[in-house]
Amino acid sequence: MKELEKTIEQLEKENNKIEKAKNRAKLLNQKINKLKRSAETKRKVQKGGVFEAFEREITGRQEDTNNDLIYAFLDYVLSDNKNREKLKQLTEIHLRDRELDIEEVENYDDKNDGLNNIEG
């Protein structure tokens, strides 16, 4: 009988150890998740929510466009003269490239019109 009681006590001790280990693991997982959330929040604050939303827009991971975010981002970018100059340069380059594309399309349309006139 004493052996049975001793074995039951050992089983209870082992079950208690297992329960404590599960609780420690649970607490560690909670701590890990809290640290991850804290790091993510810190990263977002440092990076700026506006820029992150704009980044998601660029990468295609954001589908909704919030105009307030766009205006806030532009306000942030345009508040610095270096950024303003860089944006101006990029806009000029984009417009030059776009003008070339438009000229190519117009030339292509002119060629097609000539072909249509011959056939018609």
Side-chain angles (χ1 to χ4, degrees):
M1 205 57 174
K2 283 187 177 186
E3 191 175 336
L4 177 62
E5 288 176 7
K6 196 175 188 180
T7 307
I8 290 174
E9 268 183 43
Q10 284 179 333
L11 179 62
E12 287 175 357
K13 284 182 183 178
E14 291 299 319
N15 285 338
N16 285 340
K17 286 181 184 178
I18 290 171
E19 191 65 33
K20 286 180 182 178
K22 285 181 181 177
N23 286 339
R24 280 195 306 264
K26 190 175 182 180
L27 289 173
L28 288 173
N29 279 330
Q30 288 175 348
K31 187 174 182 178
I32 287 170
N33 289 336
K34 182 180 177 184
L35 291 171
K36 282 181 181 178
R37 284 192 308 270
S38 176
E40 182 71 12
T41 301
K42 184 178 178 182
R43 183 187 67 78
K44 284 182 179 180
V45 167
Q46 287 176 343
K47 195 172 191 181
V50 172
F51 183 77
E52 185 165 298
F54 184 71
E55 181 180 57
R56 273 187 255 135
E57 177 75 21
I58 289 173
T59 60
R61 291 185 297 155
Q62 178 176 331
E63 295 174 11
D64 296 338
T65 303
N66 185 341
N67 288 338
D68 293 338
L69 291 176
I70 293 171
Y71 292 131
F73 174 75
L74 289 174
D75 186 45
Y76 168 77
V77 169
L78 297 176
S79 65
D80 187 1
N81 283 336
K82 286 191 310 185
N83 293 341
R84 195 176 298 140
E85 285 300 314
K86 186 66 177 175
L87 185 61
K88 195 176 192 181
Q89 291 171 357
L90 291 172
T91 303
E92 289 172 359
I93 291 170
H94 175 72
L95 290 176
R96 268 188 264 132
D97 290 346
R98 194 168 178 195
E99 285 176 15
L100 290 177
D101 291 344
I102 290 171
E103 287 176 13
E104 290 173 6
V105 169
E106 287 174 356
N107 290 341
Y108 180 76
D109 286 343
D110 291 343
K111 290 177 185 175
N112 284 341
D113 286 344
L115 292 175
N116 289 339
N117 289 338
I118 293 172
E119 291 173 3

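Along the sequence shown, the residues carry numbers beginning at 1. Since this is a predicted model, take the numbers as computed values, not measurements.
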Report task. State which residues pass side chain to side chain contact (heavy atoms under 4.5 Å, CB included) with Asn15; sequence neighbours excluded, sorted by chain then number. Result -> Leu11, Ile18
Query raised in the report: How far does CD of Glu19 sit from NZ of Lys26, to the nearest 0.5 angstrom?
Result: 9.0 Å
Query raised in the report: Who passes side chain to side chain contact (heavy atoms under 4.5 Å, CB included) against Leu35, sequence neighbours left out?
Result: Lys31
Report summary line: CG of Leu95 to CG of Leu90, rounded to nearest 0.5 Å, is 11.0 Å
Query raised in the report: For Glu92, which residues count as a side chain to side chain contact (heavy atoms under 4.5 Å, CB included) partner, sequence neighbours excluded?
Result: Lys88, Arg96
Query - For Asn81, side-chain hydrogen bond (donor to acceptor under 3.5 Å, both in side chains) partners two or more places apart - result: Arg84
Query raised in the report: If you look only at pairs with a residue in residues 2-13, which of them pass as a salt bridge (Lys or Arg N to Asp or Glu O under 4.0 Å), with sequence neighbours excluded?
Result: none
Report task. Find the distance between CG (Asp80) and NZ (Lys86) and round it off to the nearest 0.5 Å. Result -> 13.0 Å
Report task. Sequence neighbours left out, what passes side chain to side chain contact (heavy atoms under 4.5 Å, CB included) with Ile32? Give chain and number order. Result -> Asn29, Lys36
